[in-house]
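Note sheet for the following structure.
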Protein chains: 2
Amino acid sequence: MRTAAVEDYVKIIYKLQTQTETVSTSTLAERTGTSAAAVTKMLKHLAQLNLVSYTPYHGARLSPMGETIALEVIRHHRLLELYLAQAMGYPWDEVDAEAEKLEHVISEEFEDSIARLLGFPDFDIHGDPIPTRDGQMPKTVTETLDTQAVGTWVVVRRVSDADAALLRYVGECGLKPGVEVQLLAREPFGGSLTVEIAGLERRISPQAAQNVFVEHSLSRDLSESEKKVGGILE
Amino acid sequence: MRTAAVEDYVKIIYKLQTQTETVSTSTLAERTGTSAAAVTKMLKHLAQLNLVSYTPYHGARLSPMGETIALEVIRHHRLLELYLAQAMGYPWDEVDAEAEKLEHVISEEFEDSIARLLGFPDFDIHGDPIPTRDGQMPKTVTETLDTQAVGTWVVVRRVSDADAALLRYVGECGLKPGVEVQLLAREPFGGSLTVEIAGLERRISPQAAQNVFVEHSLSRDLSESEKKVGGILE
DNA sequence: TTTATGATTTAACCCCGGTTAAATCATAAG
DNA sequence: CTTATGATTTAACCGGGGTTAAATCATAAA
């Protein structure tokens, strides 16, 4: 039976197994907010449903069927997040909680409706990729703002939605997907970063910058390097 | 604990207790699609939660607390129905099923958002009254189309949403809230009715007409009677 | 007033998703 | 190679919402 609990476990396992080869009971317990015993029981249940391959004492991984379900749930979640923000005016640090509940009850028709209304988007409000209906996950960037060299121009592509408070802070800084930023300075020994956003200088905590994923700005960065190249050649 | 099941029972009891003084186990079993035994157990549970006054073998009625919850759930349901139809283009015979699932999970903030986006409406897409946030139920009409005298002009105010197929049929006939209709003829012995809708003659089954709630048309009906009065006076 | 019948409740059971406490396993350290 | 320790599983339990079958109640009819 595909209950909300089953969908939640599968979704969480999907996200965790990108980092670790096999997902352990304890990390699952921590992420679901339940006991290790509950997780063990659920993993057996998921294995029974052929959603997971589970080796006792050695963790679990999603089966192809489990992965399909995970992607469906994530698609629901991210479409909902974008819809709540775009169409209903939710602040971007509140959409996650609401989508968390809605994702398990909306119909395929509802999903199609909001996808259509949003123009079949590839990324949600935080820049997270929205799986397509046939289970393809759009590519996204993995570089973070805090590791950039001083002087580079970047475009914000994604902001981690793990922490709502951090999300609010980063949003107030103006670091939203699509925004162009130049790293101006880096305080030594893990101090704050100075960036230029929309013509303004801004000081950003390195922890926040770690959660901002960026891509090198084609327009801005090229013109910057052209300047340098030009300078050398002259 | 206010679970989806509790909310559903309370909502159904609310609707049933407008007709019968006390709601019986068997009617609840029929409406919830469960066994009488399950209903008995749930009624005890609801009594425990102070949502219902329950006398074994003699049925139940909502307590003031139960009524409050029922109205909140119905408000959720009807706002959702209108939103699905209005903002998302759902056909009016499909909104009920989707709202049935969503009504238990949306937050108060979500409710406020759609209420605002819809302009704080008093009636849903079928003409059913939407309880206000403080628990007031807007007044609605109780006269049905099939009992009208031949010749009268009426405005459709509400259509029963009990049966989706009937709803589709009635909608195809053009009998939607706000539409003005004149009853032209009535076939004897429960035969079909002939009505004028938007300048067109239409034949309607009496069973369908029983589910269409109307109000006498102020504009049209007055001018009709004026004509007659004028004729007599001349 | 008794009795038959249908409505209702009780009893025993099921699954789901959780809990705590005890047992067991994997593994790093001695 | 043994052992200590932390991770994991097992066992027994709980509440929520359902089931079927048996017992009990309410009531209309004889």
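This one's a predicted model, so the numbers in the text were calculated from it and none came from an experiment. Lettering of chains follows the sequences in order, A, B, ..., and the numbering in each one begins at 1.
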For A:T34 and B:A36, find the nucleotide of DNA chain C closest to each by heavy atoms; which residue's nucleotide sits nearer the 5' end? B:A36

Begin with the C-alpha distance, continue with both residues' side-chain angles, and end with the deciding distance and a verdict on side-chain hydrogen bond (donor to acceptor under 3.5 Å, both in side chains) for A:Y90 and A:E98. CA-CA 10 Å; A:Y90 266 66; A:E98 192 85 43; 2.9 Å; yes

Tell me whether the count of non-hydrogen atoms from other residues, nucleotides or ligands lying under 6.0 Å of CZ in B:R133 goes above 12. no

Tell me what A:A5 touches on the nucleic acid: a base, only sugar-phosphate, or nothing, going by heavy atoms under 4.0 Å. sugar-phosphate

Between B:T55 and A:Y9, the residue closer to the 5' end of DNA chain C by nearest nucleotide is B:T55

Using a heavy-atom distance cut-off of less than 4.0 Å, which residues of residues 38-51 of chain B contact DNA chain D? B:A38, B:K41, B:M42, B:H45

Can you see if the side chain of B:Y57 gets near the phosphate of D:dA23 - specifically, an N or O under 4.0 Å from OP1 or OP2? no

Do B:H216 and B:Q148 have a side chain donor and acceptor closer than 3.5 Å? yes

Tell me whether the OP1 or OP2 atom of C:dG17 has a side-chain N or O from A:T3 closer than 4.0 Å. yes

note: B:I12, atom CD1; D:dG17, atom P; distance rounded to Å ~ 13 Å

Could you tell me how far apart A:R2 (CZ) and C:dG17 (P) are, to the nearest whole angstrom? 14 Å

For a quick check of understanding: with a heavy-atom distance under 4.0 Å over all strands, which category does B:S35 fall into, base, sugar-phosphate or nothing? base

In the structure shown, which nucleotide is the Watson-Crick or G-U wobble counterpart of C:dT5, with both distances under 3.5 Å? D:dA26

Neighbour count >12 (heavy atoms, 6.0 Å) for atom CD, A:Q207: no

Residues that B:H77 engages under ring-ring contact (aromatic ring centres under 6.0 Å, His included), provided they are two or more places apart: none

Scan the side chains in residues 123-131 of chain B for donor-acceptor partners under 3.5 Å anywhere in the protein, sequence neighbours excluded, and list what turns up.
residue : atom : partner : partner atom : Å
B:D124  : OD1  : B:H126  : N            : 2.8
B:D124  : OD1  : B:G127  : N            : 3.0
B:D124  : OD1  : B:D128  : N            : 2.9
B:H126  : ND1  : B:E81   : OE1          : 3.3
B:H126  : NE2  : B:W92   : O            : 2.9

Counting only side-chain nitrogens and oxygens, does A:Y54 get under 4.0 Å of the OP1 or OP2 atom of D:dT9? yes

Is the closest basic N to carboxylate O distance between A:E94 and A:R168 below 4.0 Å? no

For a quick test of reading the model: is some side-chain N or O of B:S26 closer than 4.0 Å to OP1 or OP2 of C:dT8? yes

Expressed as a whole number of angstroms, how long is the span from B:L28:CG to C:dT9:P? 11 Å

